[in-house]
Every structure is written in C-alpha cells, then in structure tokens.
Protein chains: 2
Amino acid sequence: MTGDPLSRVFAALADPTRRDIVARLSIGDATVGHLAEPYGVSVQAVSKHLKVLEDAGLVSRSRDAQRRPCHLEAETFELMTKWIERYRLQAEERFGRLDAVLAAMDDQHTTHHHHQGAAS
Amino acid sequence: MTGDPLSRVFAALADPTRRDIVARLSIGDATVGHLAEPYGVSVQAVSKHLKVLEDAGLVSRSRDAQRRPCHLEAETFELMTKWIERYRLQAEERFGRLDAVLAAMDDQHTTHHHHQGAAS
DNA sequence: GCTGTCGTCAACCAGATGGTTGACAACAAT
DNA sequence: ATTGTTGTCAACCATCTGGTTGACGACAGC
C-alpha cells in the first residue's frame with residue numbers, strides 16, 4: 001500500500017493480531033474464517049489484515065472453491081533480518097563487543113536453550 | 001506509546017526516516033539538529049521520530065548542556081529477531097528446508113567475521 | 001542582564017489505520 | 001432454482017500518525 005517494501009513488512013508486523021496470524025500460519029495454511037475465530041473481530045477485519053500481510057509479501061492466497069487458503073511466505077522475513085543484523089552488528093562493534101555477539105549467535109543456533117545474560 | 005513492546009519496535013522501524021536515523025546512529029551518537037540536517041523536515045519532526053524510537057527502546061538520550069546526544073540501543077533488536085526467527089524457522093521446517101536455512105545462516109556468520117566493507 | 005542556539009511542547013491538519021455494518025459475488029448443496 | 005457458506009468490497013467512524021507552525025525552556029556567550 002504505502003511506502004517501500006521494507007516499510008510494509010515492518011508495518012504489517014507492528015499489529016499484534018497480524019503477528020498472531022503469522023504465528024498460526026507458521027503451523028500450517030488456513031482459511032480466512034478459520035483464522036478469524038479466535039479473535040473477537042469480524043471476518044472482514046481479518047480479511048483486511050490478510051490484505052496488509054499479502055501486500056507486504058508475507059502471505060499468499062490461493063483458491064479452493066469459495067475458500068481462500070492463506071500461506072505464509074517465510075522468505076520475506078529475510079528482508080527484515082538482513083536490515084536488522086546489518087545495523088545491530090555495526091552498533092555492537094562500536095563497543096568492541098562483536099566477538100561476544102557472534103558467540104551468542106553461534107550458541108543460539110547450535111543449541112536451542114535460552115540465552116545467557118552475557119550482553120552488557 | 002500504543003500497544004505492547006514488540007509492536008512499538010516494529011512500528012518504530014516501519015518508517016524510512018526512522019530507519020535512516022537508526023542507520024546513522026549505528027555509526028555513532030549524534031544530536032537532534034545533526035540528525036535533522038539530511039532530511040527535508042523540521043527539527044520538531046525529527047524530535048518526534050526520536051521519541052518514537054525512544055519509546056520503543058531503540059534509542060536513549062543523555063544530556064550535554066542544551067544538546068541531547070542520541071544513542072542506539074542495539075540490544076532491543078533481539079526482541080524482534082527472536083520473534084522473527086521463531087516463526088521463520090517453524091515455517092521453513094514445514095518445507096523440509098531447515099537444513100538449507102541453517103547452512104545459509106552459518107555462512108552469514110563466517111563471512112561477518114571478516115567484518116565491514118564486505119557487507120555494504 | 002540580553003541575545004542566540006538547541007530542543008521540546010502544544011495546537012493544528014491531512015492522510016492512513018483498524019474496526020464496524022451492509023451488500024454482494026462465487027461457489028456448494030439441496 | 002433456491003439456500004447457505006465463504007470471503008471481498010464499500011461506506012462510514014474513531015483514532016493514530018507524520019508533518020507543519022508558533023511559543024517556550026534551558027543553556028552558552030556577549
């Protein structure tokens with residue numbers, strides 16, 4: 001809708017209902033009606049949310065009779081993570097803490113347990 | 001201001017001017033007037049942007065006489081990256097592409113070790 | 001003391017956003 | 001062909017957002 005692709009992605013995820021929709025779609029595809037159930041909002045509102053997510057490239061919709069199954073486009077997340085990592089690392093480096101950050105990231109990937117409070 | 005912390009962070013970064021401010025602050029601290037120069041907006045507008053970034057926990061401001069040096073709080077980025085990675089990995093896993101994703105991430109870290117300039 | 005600079009606060013405005021309700025298109029089922 | 005289900009479109013409304021201008025507070029220098 002408005003602005004550049006990166007702005008659309010960030011704006012799309014700035015709403016808790018839309019983040020929740022993304023969370024549910026990460027489990028598996030779903031229809032609009034199915035997605036609308038848990039929230040206290042109308043189906044039209046959810047349809048709008050899905051349009052925002054679709055414009056951001058985070059969701060795609062196909063056809064199945066009168067249903068519109070929604071599918072999460074996970075690749076779009078990289079647009080954000082690339083931007084974030086770039087400036088986070090740059091800032092961390094200014095404090096000479098780059099090594100600690102990289103170590104924490106490696107730890108995060110190799111093991112799935114919660115992170116240690118090494119950052120400070 | 002509005003909503004939960006995660007929404008505030010995403011909303012703060014949904015604006016290109018604010019992302020640009022973050023990019024500049026990743027190079028080093030700066031005053032409000034100094035940050036306002038490159039954009040065709042008033043100092044008051046930039047002051048508002050900084051308030052949004054501060055409310056999101058992405059920026060902190062100290063005092064130096066009548067100046068208010070702005071400082072990037074890089075740790076707050078983790079709030080986002082954690083959320084993003086969680087659902088991205090979950091979605092990728094559904095396609096059996098988890099191995100490829102993890103490989104790409106490892107590659108990203110090893111290249112970062114030889115830092116700056118290459119990441120342009 | 002005045003004067004100038006840096007920044008915030010307050011009021012205002014146009015446009016976007018998130019929600020509602022009502023109408024309707026597309027398809028399935030009877 | 002009529003009925004029911006699924007979802008979108010359109011209009012409307014309240015609130016938020018990003019910008020403006022004007023006034024003011026805090027501080028440095030004359």
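Note on naming: letters A, B, ... go to the chains in the order of the sequence lines (proteins, then strands), and numbering restarts at 1 for each one.
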The side chain of [X] is closest to which nucleotide in this list: [options]?
X: A:Gln66; options: D:dT8, C:dT8, D:dT5; answer: D:dT5
X: A:Val41; options: C:dG4, C:dG19, D:dT20; answer: C:dG19
X: B:Arg63; options: C:dT8, D:dC27, D:dG18; answer: D:dC27
X: B:Arg18; options: C:dC6, C:dA26, D:dG18; answer: D:dG18
X: A:Val52; options: C:dG18, C:dG19, C:dT8; answer: C:dG18
X: A:Ala65; options: C:dG18, C:dC6, C:dC27; answer: C:dC27
X: A:Val32; options: D:dG7, D:dG18, C:dC6; answer: D:dG7
X: B:Gln44; options: D:dG22, C:dT21, C:dC6; answer: D:dG22
X: A:Arg67; options: C:dG18, D:dT6, D:dA26; answer: D:dT6

Rounded off to whole Å, could you give me the [atom1]-to-[atom2] distance for the [X] and [N] pair?
X: A:Leu50; N: D:dT8; atom1: CG; atom2: P; result: 7 Å
X: A:Arg8; N: C:dA16; atom1: CZ; atom2: C1'; result: 15 Å
X: B:Leu13; N: D:dT17; atom1: CG; atom2: P; result: 14 Å
X: A:Phe10; N: C:dA16; atom1: CZ; atom2: P; result: 21 Å
X: B:Asp15; N: C:dG15; atom1: CG; atom2: C1'; result: 14 Å
X: A:Asp55; N: C:dG18; atom1: CG; atom2: P; result: 12 Å
X: A:Leu53; N: D:dG7; atom1: CG; atom2: P; result: 16 Å
X: B:Tyr39; N: D:dG18; atom1: OH; atom2: C1'; result: 15 Å

Between [X] and [Y] (side chain of the first, backbone of the second, donor and acceptor by atom type, cut-off under 3.5 Å), is there such a pair?
X: A:Arg68; Y: A:Ser62; result: yes
X: A:Arg19; Y: A:Leu13; result: yes
X: A:Arg18; Y: A:Leu50; result: no

Distance below 4.0 Å between [X] side-chain N/O and [N] OP1 or OP2:
X: A:His49; N: C:dG19; value: yes
X: B:Ser42; N: D:dG19; value: no
X: B:Thr31; N: C:dG7; value: yes
X: B:Arg68; N: D:dA26; value: no

So what does A:Gly3 touch, heavy atoms closer than 4.0 Å: a base, only the sugar-phosphate, or nothing?
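No contact.
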Which is true for B:Lys51 with a 4.0 Å heavy-atom rule: it touches a base, it touches only sugar-phosphate, or it touches nothing?
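Here B:Lys51 touches no strand at all.
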Is the ring pair B:Phe10/A:Phe10 parallel, tilted or perpendicular, if the boundaries are 30 and 60 degrees?
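Ring orientation of B:Phe10 relative to A:Phe10: tilted.
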Side chains of A:Arg61 and A:Lys51 in contact at under 4.5 Å (non-hydrogen atoms):
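Yes - at least one pair of side-chain heavy atoms lies under 4.5 Å apart.
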B:Asp64 versus B:Thr31: any side-chain heavy-atom pair under 4.5 Å?
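They are not in contact (no side-chain heavy atoms under 4.5 Å apart), so the answer is no.
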